[in-house]
Amino acid sequence: PEMLAAFQARIDAGEKIEPKDWMPEGYRKTLIRQIGQHAHSEIVGQLPEGNWITRAPTLERKAILLAKVQDEAGHGLYLYCAAETLGISRDEMTEMLLDGRMKYSSIFAYPTLTWADMGAVGWLVDGAAIMNQVPLQRTSFGPYARAMIRVCKEESFHQRQGFDIMMKMCSGTPEQKRMAQDALNRLWFPSLMMFGPSDKDSVHSSQSMSWKIKMNSNDELRQKFVDQTVPQAEYLGLTIPDETLAWNEEKGGYDFAEPDWDEFFDVLKGNGPCSTDRIATRKAAWDDGAWVREAMNAHAAKKSTANVAAE
Amino acid sequence: PEMLAAFQARIDAGEKIEPKDWMPEGYRKTLIRQIGQHAHSEIVGQLPEGNWITRAPTLERKAILLAKVQDEAGHGLYLYCAAETLGISRDEMTEMLLDGRMKYSSIFAYPTLTWADMGAVGWLVDGAAIMNQVPLQRTSFGPYARAMIRVCKEESFHQRQGFDIMMKMCSGTPEQKRMAQDALNRLWFPSLMMFGPSDKDSVHSSQSMSWKIKMNSNDELRQKFVDQTVPQAEYLGLTIPDETLAWNEEKGGYDFAEPDWDEFFDVLKGNGPCSTDRIATRKAAWDDGAWVREAMNAHAAKKSTANVAAE
Amino acid sequence: PAALFEFLLRMGDTTLILGHRLSEWCGKAPILEEDIALANTALDLIGQTQMWLGLAGEVEGKGRTADDLAMLRDAWDFRCCLLVEQPNGDFGQTIMRQFLFDNWHLAMLRKLEHHADERIAAIAAKAAKEVTYHAERSTDLVIRLGDGTSQSQARMQAALDLLYPYVGELFTLSGEDLRPAYDATIEAVLAEATLTVPESRFAHHGGFSGARHSEHLGHLLTQMQWLQRAYPGAQW
Amino acid sequence: PAALFEFLLRMGDTTLILGHRLSEWCGKAPILEEDIALANTALDLIGQTQMWLGLAGEVEGKGRTADDLAMLRDAWDFRCCLLVEQPNGDFGQTIMRQFLFDNWHLAMLRKLEHHADERIAAIAAKAAKEVTYHAERSTDLVIRLGDGTSQSQARMQAALDLLYPYVGELFTLSGEDLRPAYDATIEAVLAEATLTVPESRFAHHGGFSGARHSEHLGHLLTQMQWLQRAYPGAQW
């Protein structure tokens with residue numbers, strides 16, 4: 001308990017906890033869960049966008065999308081490394097993703113159905129991600145905070161690219177504008193879900209907040225996201241698919257409809273529209289690639305034996 | 001030798017040889033090779049057309065093409081059955097196709113690259129096939145002759161459908177006409193190769209002809225095909241890709257350039273443009289389907305055991 | 001007429017996409033007889049599509065033909081159910097999809113035979129004859145592959161688990177009143193096939209409504225519509 | 001200028017199609033680092049495509065942009081070599097294709113750096129820097145996967161046997177004078193990788209000339225060109 005108090009005091013003082021420092025088991029476990037889930041989201045998040053790389057409408061758009069997906073894989077890498085400092089390997093985390101013990105962000109269980117989704121994912125999904133991630137640059141665990149700094153820099157670039165696609169679509173042909181509106185209709189509520197359940201239903205929250213693993217409440221961030229996004233939608237000439245949406249002068253923010261939380265919990269259970277496909281794709285990649293990983297290990301072993309023999 | 005003479009006398013008298021009749025080993029072997037190769041050609045021949053079923057331009061064309069490919073599978077079935085009466089199983093023949101011991105018609109090692117190829121395959125390839133097959137309705141081996149009668153009826157229907165596609169293309173847009181010409185350019189010489197090498201290089205020929213397994217010489221049929229096809233090309237407004245092509249009044253037929261026989265022998269060796277793909281596709285179908293065949297056998301075995309037990 | 005148009009699209013797009021999926025098997029089935037049977041089923045479904053979409057175009061009254069509807073709409077304007085968009089997978093998965101679909105399809109068509117609109121009743125009557133055979137065939141195969149080897153049983157169970165969440169959507173078109181008989185039929189067959197119906201009745205939606213198709217549909221259309229898109233207005 | 005245009009299409013279509021093929025791997029590589037590396041290579045190749053096809057359009061002088069050339073020609077107007085059209089297969093096949101291509105590509109670009117046309121020399125110089133890295137990487141992987149396990153060795157040998165007949169065509173563009181050095185380079189690497197170069201020098205042709213592409217190219221285009229075909233004239 002004394003160690004616990006000292007630990008809490010360090011956090012309260014704004015110090016960073018480093019991998020070799022003492023930490024409570026709960027802190028370690030919560031961080032592994034959170035960073036791992038975040039890393040998995042980057043990896044699984046490649047798939048809905050990868051779905052359109054082969055159909056990108058121009059060479060420029062194809063290059064931008066490729067670069068973006070490549071960045072996401074890079075983010076996955078930073079985050080797996082951060083989690084590994086807590087004593088779990090990347091392979092273990094991968095196995096846990098594939099057998100359902102670890103999760104990824106619910107948004108990536110939704111399909112990308114038109115090119116406008118590439119815009120909407122950048123605008124809404126990366127927008128929501130940034131909203132979640134910016135405060136995490138100040139999180140108490142050093143490696144995680146430093147990873148988030150690198151991630152955030154690139155994410156805001158992605159969000160601008162997504163918004164740029166939306167602008168093109170909204171100033172394009174009637175079909176393109178319809179495509180953009182359709183994307184917003186489908187992705188609005190799933191984006192709101194990205195902040196997690198309503199505060200009153202959120203587990204883990206208070207302890208995580210005092211540990212500075214979680215910096216803001218779900219509803220706080222969700223409100224902030226809505227307040228930022230509604231004027232952007234207006235600028236684009238798109239309609240948020242929420243008839244109850246209205247400016248509330250008193251609170252200085254928008255009132256808006258809650259997402260369908262039953263749907264959210266269905267997605268968490270693995271019943272998202274693409275849940276099965278996403279995991280099947282990642283599992284196939286993992287299983288089909290086993291011979292490659294084995295070969296690389298075997299080759300490395302041969303070389304190190306040869307080196308030892310040569311010494 | 002007496003039996004041999006009696007056998008030859010039956011053939012010369014125009015009698016049909018039936019599976020239970022005595023026959024020389026060479027007759028049996030040659031027939032297995034020939035009927036098997038013919039059956040394999042029907043099966044492998046599904047692939048170049050199957051390649052366009054998913055891209056057929058209209059529902060009607062898709063239906064016609066599906067029906068055609070289905071007919072070809074049916075022809076394969078008749079022919080395998082005819083070969084099976086000679087004491088070889090369909091599975092054995094399939095294995096021999098997959099490991100290269102048996103061949104299929106060289107034409108199916110060429111790719112189908114535009115929709116016009118669906119026309120050209122019907123017009124030229126089925127046209128050449130009919131030219132080969134019509135005389136085989138009078139072949140000496142009963143089951144083979146009867147299979148050919150059924151096959152020929154459907155093939156001539158296919159040829160008309162192919163010519164109909166060519167007519168549409170040739171009376172269509174400039175791109176369509178160009179597509180049709182391109183198809184003819186690519187498929188003309190490979191179609192001429194379907195009759196086999198020049199008579200002077202053809203092995204097996206004389207014995208097969210006296211046994212009435214082969215009814216006409218390769219060059220004879222090739223000449224007939226050219227004479228039939230050139231006016232059709234003119235009617236379509238297409239140019240045969242052979243500058244030497246000219247009417248020869250004296251022989252009452254066209255003079256024409258020989259195909260590149262080196263290319264032909266390359267194809268026979270498995271170096272056709274699609275040779276590897278075709279066999280890989282068939283092998284994957286066979287290997288991936290093993291569990292289905294095993295399951296069906298296992299189920300049948302269970303049922304027959306159950307029936308025996310119930311008696 | 002807008003509702004009727006939508007209804008006809010649901011029927012016609014569903015047969016179109018399933019027919020297309022089956023046609024992908026061409027030349028690749030595990031047994032020659034199955035190659036023929038799959039092509040035959042695909043052919044029936046394409047024929048039914050011509051009737052349903054032909055009537056849809058007529059009802060819409062904008063001069064669109066069945067081909068226009070099939071070849072020139074983007075994914076979001078399609079109204080096929082999610083079940084038929086699912087990829088072929090292995091042969092067992094294709095047969096399981098067919099079995100789950102055929103039994104609903106047949107019940108649906110038998111109901112439509114009594115439809116007040118004679119045109120619909122006539123199409124349904126013609127299609128029902130074909131689909132009776134499809135259902136017999138897929139039922140037989142499910143039993144033989146389910147109650148075959150341990151490997152085939154495992155594959156068929158995996159196919160059932162994968163596809164069952166797409167069954168619920170079917171009854172949003174036909175009405176839930178068809179469900180008890182459907183359940184009884186497939187449960188009897190699956191029991192004989194030594195397969196277990198998943199406990200959860202969770203159902204994906206969004207195909208018939210067009211609100212959220214699967215990612216697979218768009219990929220299928222890139223192939224199916226290629227020529228018409230690349231050479232607009234040409235006659236084939 | 002017609003010959004120059006054709007030449008530029010050969011370069012640009014080849015990088016375009018290979019870049020596209022690599023981009024199909026997105027999110028599916030055996031190791032995260034390889035996902036990144038494949039995307040990176042694809043990105044370089046798409047960038048080179050923009051330069052080659054951009055210049056091609058300029059040279060042609062009909063106002064076609066690199067995008068027009070990429071998105072609005074049918075298969076027969078493409079001039080990519082057959083090697084890059086070949087499907088990805090397993091990871092080993094993709095890497096073998098890359099290895100066989102990169103080593104030719106690098107030699108070709110080094111030759112083009114001295115081209116009389118400054119625009120070509122400039123593109124080649126920029127591209128050569130990127131391709132130096134590609135060749136290093138694919139060489140390294142071929143060695144590690146060839147000289148890995150018995151399974152990986154068998155897969156890499158199968159990939160080599162499959163793809164080697166597409167190597168000969170490359171030198172019809174670059175000139176046979178590049179072949180001896182190429183052979184020496186790849187033979188040394190393949191020996192270290194414990195792989196055997198096929199004896200036959202048989203070579204498929206028809207990609208660079210456009211006379212006979214593979215069936216794979218048309219399927220690739222249905223995806224790649226979909227949006228531009230479906231929504232002609234739209235800005236993206």
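Order of the sequence lines fixes the chain letters, A, B, ..., with proteins taken first and strands second; residue numbering starts at 1 for each chain. Source: prediction; values computed, not measured.
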So how far is it from D:Ile46 CD1 to A:Ile64 CD1, rounded to the nearest 0.5 Å?
12.5 Å

Correct closest heavy-atom pair for D:Pro30 and A:Gly289 would be CB-CA, 3.4 Å

A:Leu47 versus chain D, the contacting section by heavy-atom distance below 4.5 Å
side chain

What part of A:Met118 lies closer than 4.5 angstrom to a heavy atom of chain D: side chain, backbone, both or neither?
neither

Is there a side-chain contact between D:Lys28 and A:Gln46 in this structure, where contact means two heavy atoms from C-beta onward sitting under 4.5 Å apart?
no

Supply the atom-to-atom distance D:Leu45 CG to A:Leu66 CG, rounded to the nearest 0.5 angstrom.
10.0 Å

So NZ of A:Lys302 and CG of D:Asp147: to nearest 0.5 Å the spacing works out to 4.0 Å

Is it the backbone or the side chain of D:Gln228 that comes under 4.5 Å from a heavy atom of chain A, or both, or neither?
side chain

Measure distances from A:Gln176 to the heavy atoms of chain D and classify the residue's part below 4.5 Å as side chain, backbone, both or neither.
side chain

Counting only heavy atoms from other residues, nucleotides and ligands, does the tally under 6.0 Å from CZ of D:Arg64 exceed 12?
yes

Under 4.5 Å between any side-chain heavy atoms of D:Leu227 and A:Trp52, yes or no?
yes

Checking D:Ala70 against chain A: side chain, backbone, both or neither under 4.5 Å from a heavy atom?
side chain

I'd like to know which of A:Lys303, A:Met169, A:Met296 tops the heavy-atom pair count under 4.5 Å against chain D.
A:Met296

Does a side-chain heavy-atom distance below 4.5 Å link A:Leu59 with D:Leu16?
yes

Between D:Asp35 and chain A, with a heavy-atom cut-off of 4.5 Å, which part of the residue counts as in contact: side chain, backbone, both or neither?
side chain

For side chain to side chain contact (heavy atoms under 4.5 Å, CB included), just list the numbers for D:Leu38 and A:Gln70, CA-CA rounded to whole Å, side-chain angles, deciding distance to a tenth of an Å, and then say yes or no.
CA-CA 9 Å; D:Leu38 286 170; A:Gln70 193 187 8; over 6 Å; no

Can you tell me if D:Thr149 and A:Glu294 form a side-chain donor-acceptor pair at under 3.5 Å?
no

In terms of heavy-atom pairs under 4.5 Å with chain A, the winner among D:Asn40, D:Asp90, D:Thr65, D:Thr49 is D:Asn40

Measure the OH-OG1 distance between D:Tyr231 and A:Thr114 for me, rounded to the nearest 0.5 Å.
8.0 Å

Restricting to non-hydrogen atoms, name the atom on A:Lys168 and the atom on D:Trp236 that form the minimum distance, rounded to 0.1 Å.
CD-C, 3.7 Å

Pair A:Arg90 + D:Glu33, salt bridge at N-O below 4.0 Å
yes

Side chain from CB out, backbone as N, CA, C, O: work out which of these in A:Ala290 comes under 4.5 Å of a heavy atom of chain D, or both, or neither.
neither

Greatest number of non-hydrogen atom pairs under 4.5 angstrom with chain D, of A:Asn51, A:Thr94, A:Val292, A:Asn297, falls to A:Val292

Options D:Arg155, D:Arg229, D:Gln235, ranked by heavy-atom pairs under 4.5 Å with chain A, top entry:
D:Arg155

Partner chain D: residue of A:Ala298, A:Pro57, A:Ala73 with the largest heavy-atom pair count (under 4.5 Å):
A:Pro57

Kindly compute the distance separating OG1 (A:Thr58) from CE (D:Met71), expressed to the nearest 0.5 Å.
6.5 Å

Only pairs of heavy atoms separated by less than 4.5 Å count here; which of A:Thr173, A:Leu77, A:Ile165, A:Thr54 has the most with chain D?
A:Thr54

A:Glu60, part contacting chain D, at a heavy-atom distance under 4.5 Å
both

For residues A:Val69 and D:Cys26, report the shortest heavy-atom separation together with the two atoms involved.
CG1-SG, 3.1 Å

With a 4.5 angstrom heavy-atom cut-off, which part of A:Arg55 approaches chain D: side chain, backbone, both or neither?
both

Name the region of D:Leu141, side chain, backbone, both or neither, that has any atom closer than 4.5 Å to a heavy atom of chain A.
side chain

Give the member of D:Gln50, D:Glu34, D:Gln151 that has the highest number of heavy-atom pairs under 4.5 Å with chain A.
D:Gln50

Point-to-point distance, once rounded to the nearest 0.5 Å, from CG of D:Leu43 to CG of A:Leu65:
10.5 Å

Please report the shortest heavy-atom distance between D:Gly92 and A:Trp291, naming the atom on each side.
N-CZ2, 3.5 Å

The interface call for D:Met224 against chain A, heavy-atom contacts under 4.5 Å, is both

Quick check on D:Gln225 against chain A: is it the side chain, the backbone, both or neither that has a heavy atom closer than 4.5 Å?
neither

